[in-house]
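Reviewing the structure listed below.
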Amino acid sequence: MRFTSLWPRVEDLAAAPLDAVLREWAGLGYYARARNLHACAQAVVRDHGGVFPDTAAGLQTLPGVGAYTSAAIAAICFDERIAVLDGNLDRVLARYYALPVPVRNAKDALRGALQIAVPARAGDFAQAMMDLGATICAPRTAYCLVCPIQPGCLATREGAPERYPIKPEKAEKPVRRGHAFVMTDASGDVYLQSRPGKGLLGGMTEVPTSIWAEDAGEPIYPATGEWRHRGQVVHVFTHFRLELEIWSAIVLPEALDGGWWSEPAALKGEALPTLFRKVLAQAGLG
DNA sequence: CACGCGTGGCT
DNA sequence: TAGCCAAGCGT
């Protein structure tokens, strides 16, 4: 609610500095969403006179608004007769058709099948189907006895609906290793810097680190000081596991540029992702 | 178009 | 504890 209080109208969000938006988003993850939300507000103001498009096709041109979101808004807000396919519906339909392949290999077929079934009041239909998936055709348990579409369901007929959806093979997570350097000046302020705008944790705040690689290598300290090893932080991302050796030292500020010094009390207001909050905590800050 | 994205809840 | 999982968008 802080978020909507700060920027109650789309014009307000569009006019906000991106780094302020990222600060409010810090800790929530998927930081591309915050950047897209901001870009979306700007697109609505710049290209649509501050009014959102009222069709799925129009909505889908906005940053961060894809097939699901555009269809959901169009059906629910504008009564467009369009199929809304979310993760719940993927599961419901995979069971209904006893889909023999992972959902991602049959997405278009599922959407086509659902589109044919969409009645008038498409928004109510969409919400009812998503609720069916969330409560009756649930991930771990399918309560087929109370399911309104059970009579046509092929997975139920087979006798084991929970076998679906078939999961794709999962690749194993590589490990990356590196060093993180927590520097304070004589007054106890901490050195922070910005990550590049795109990619992993894009635009967020960090402390300096080495390259993350299979082999951490020896630490190359970014400034002169009495460096102390403060243990290790492990963080698991979607596709790799990161193991950082934590180092801290009191250094001379003159040796550094490009970043800024933050009082420890101000750290909670910085756009620090959870990884770097763990790093600072491990170094005895925050 | 298969993969990358971050975090928290659950087991 | 550590591992598994989630929902959807962009590239």
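Order of the sequence lines fixes the chain letters, A, B, ..., with proteins taken first and strands second; residue numbering starts at 1 for each chain. Here the structure is a predicted model, which is why all the values come from computation and not from measurement.
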When you compare the side chains of Arg33(A) and Asn36(A), does any donor N or O come within less than 3.5 Å of an acceptor on the partner?
no
Electrostatic pair [X]:[Y] at N-O distance under 4.0 angstrom:
| X | Y | value |
| --- | --- | --- |
| Lys107(A) | Asp90(A) | yes |
| Arg2(A) | Glu24(A) | yes |
| Glu243(A) | Arg241(A) | yes |

Among [options], find the nucleotide with the atom closest to the side chain of [X].
| X | options | result |
| --- | --- | --- |
| Lys167(A) | dC5(C), dG6(B), dG8(C) | dC5(C) |
| Tyr31(A) | dC5(B), dG8(C), dG6(B) | dG6(B) |
| Arg241(A) | dT11(B), dG3(C), dC5(C) | dG3(C) |
| Thr69(A) | dG8(C), dA7(C), dG6(B) | dG8(C) |
| Arg140(A) | dC9(C), dT11(B), dT7(B) | dT11(B) |

Are there any protein N/O atoms within less than 3.5 Å of an N/O atom in nucleotides 2-4 of chain B, and if so, which ones and at what distance?
| unit_1 | atom_1 | unit_2 | atom_2 | d |
| --- | --- | --- | --- | --- |
| dG4(B) | OP2 | His239(A) | NE2 | 3.2 |

Taking only N and O in the side chain of Thr274(A), is any of them less than 4.0 Å away from OP1 or OP2 of dT7(B)?
yes
Is Lys107(A) near enough to dA7(C) that one of its side-chain N or O atoms lies under 4.0 angstrom from OP1 or OP2?
no
Euclidean distance, atom [atom1] of residue [X] to atom [atom2] of [N] [Å, nearest integer]:
| X | N | atom1 | atom2 | result |
| --- | --- | --- | --- | --- |
| Arg111(A) | dG8(C) | CZ | C1' | 11 Å |
| Leu37(A) | dC9(C) | CG | C1' | 13 Å |
| Phe237(A) | dG8(B) | CZ | C1' | 14 Å |
| Tyr30(A) | dG8(C) | OH | P | 11 Å |
| Asp86(A) | dA7(C) | CG | C1' | 8 Å |
| Leu272(A) | dT7(B) | CG | C1' | 15 Å |
| Trp25(A) | dC5(B) | CH2 | C1' | 13 Å |
| Leu85(A) | dC9(C) | CG | C1' | 14 Å |

Under-3.5 Å donor-acceptor pair between Arg33(A) side chain and dA7(C) base
yes
Relative to the ring of Trp212(A), is the ring of Phe240(A) parallel (under 30°), tilted (30 to 60°) or perpendicular (over 60°)?
tilted
By the definition side chain to side chain donor-acceptor pair (under 3.5 Å), identify the one residue from Arg230(A), His179(A), Gln282(A), His229(A) that meets it with Glu245(A).
His229(A)
Would you say [X] and [Y] are hydrophobically clustered, going by side-chain heavy atoms of ILVMFWY under 4.5 Å?
| X | Y | value |
| --- | --- | --- |
| Tyr68(A) | Val118(A) | yes |
| Ile246(A) | Ile250(A) | no |
| Trp227(A) | Val279(A) | no |

Mind checking [X] for me? I need base, sugar-phosphate or nothing, with any heavy atom below 4.0 Å counting as a touch.
| X | value |
| --- | --- |
| Val236(A) | base |
| Gly27(A) | sugar-phosphate |
| Asn36(A) | sugar-phosphate |
| Arg91(A) | nothing |
| Pro139(A) | nothing |

Is the number of heavy atoms from other residues, nucleotides or ligands within 6.0 Å of CG (Leu18(A)) greater than 12?
yes
Secondary-structure string, 5' to 3', Watson-Crick or G-U under 3.5 Å, | for another-strand partners, for DNA chain B:
.||||.|||||
Just distance, no hydrogens or angles: give the donor-acceptor pairs under 3.5 Å from side chains in residues 152-159 of chain A, sequence neighbours left out.
| unit_1 | atom_1 | unit_2 | atom_2 | d |
| --- | --- | --- | --- | --- |
| Arg157(A) | NH2 | Pro151(A) | O | 3.4 |
| Glu158(A) | OE1 | Arg163(A) | NH1 | 3.4 |
| Glu158(A) | OE1 | Tyr164(A) | OH | 2.8 |
| Glu158(A) | OE2 | Tyr164(A) | OH | 3.4 |

Taking only the P atom of each, what is the distance from dT11(B) to dA7(C) in whole angstrom?
15 Å
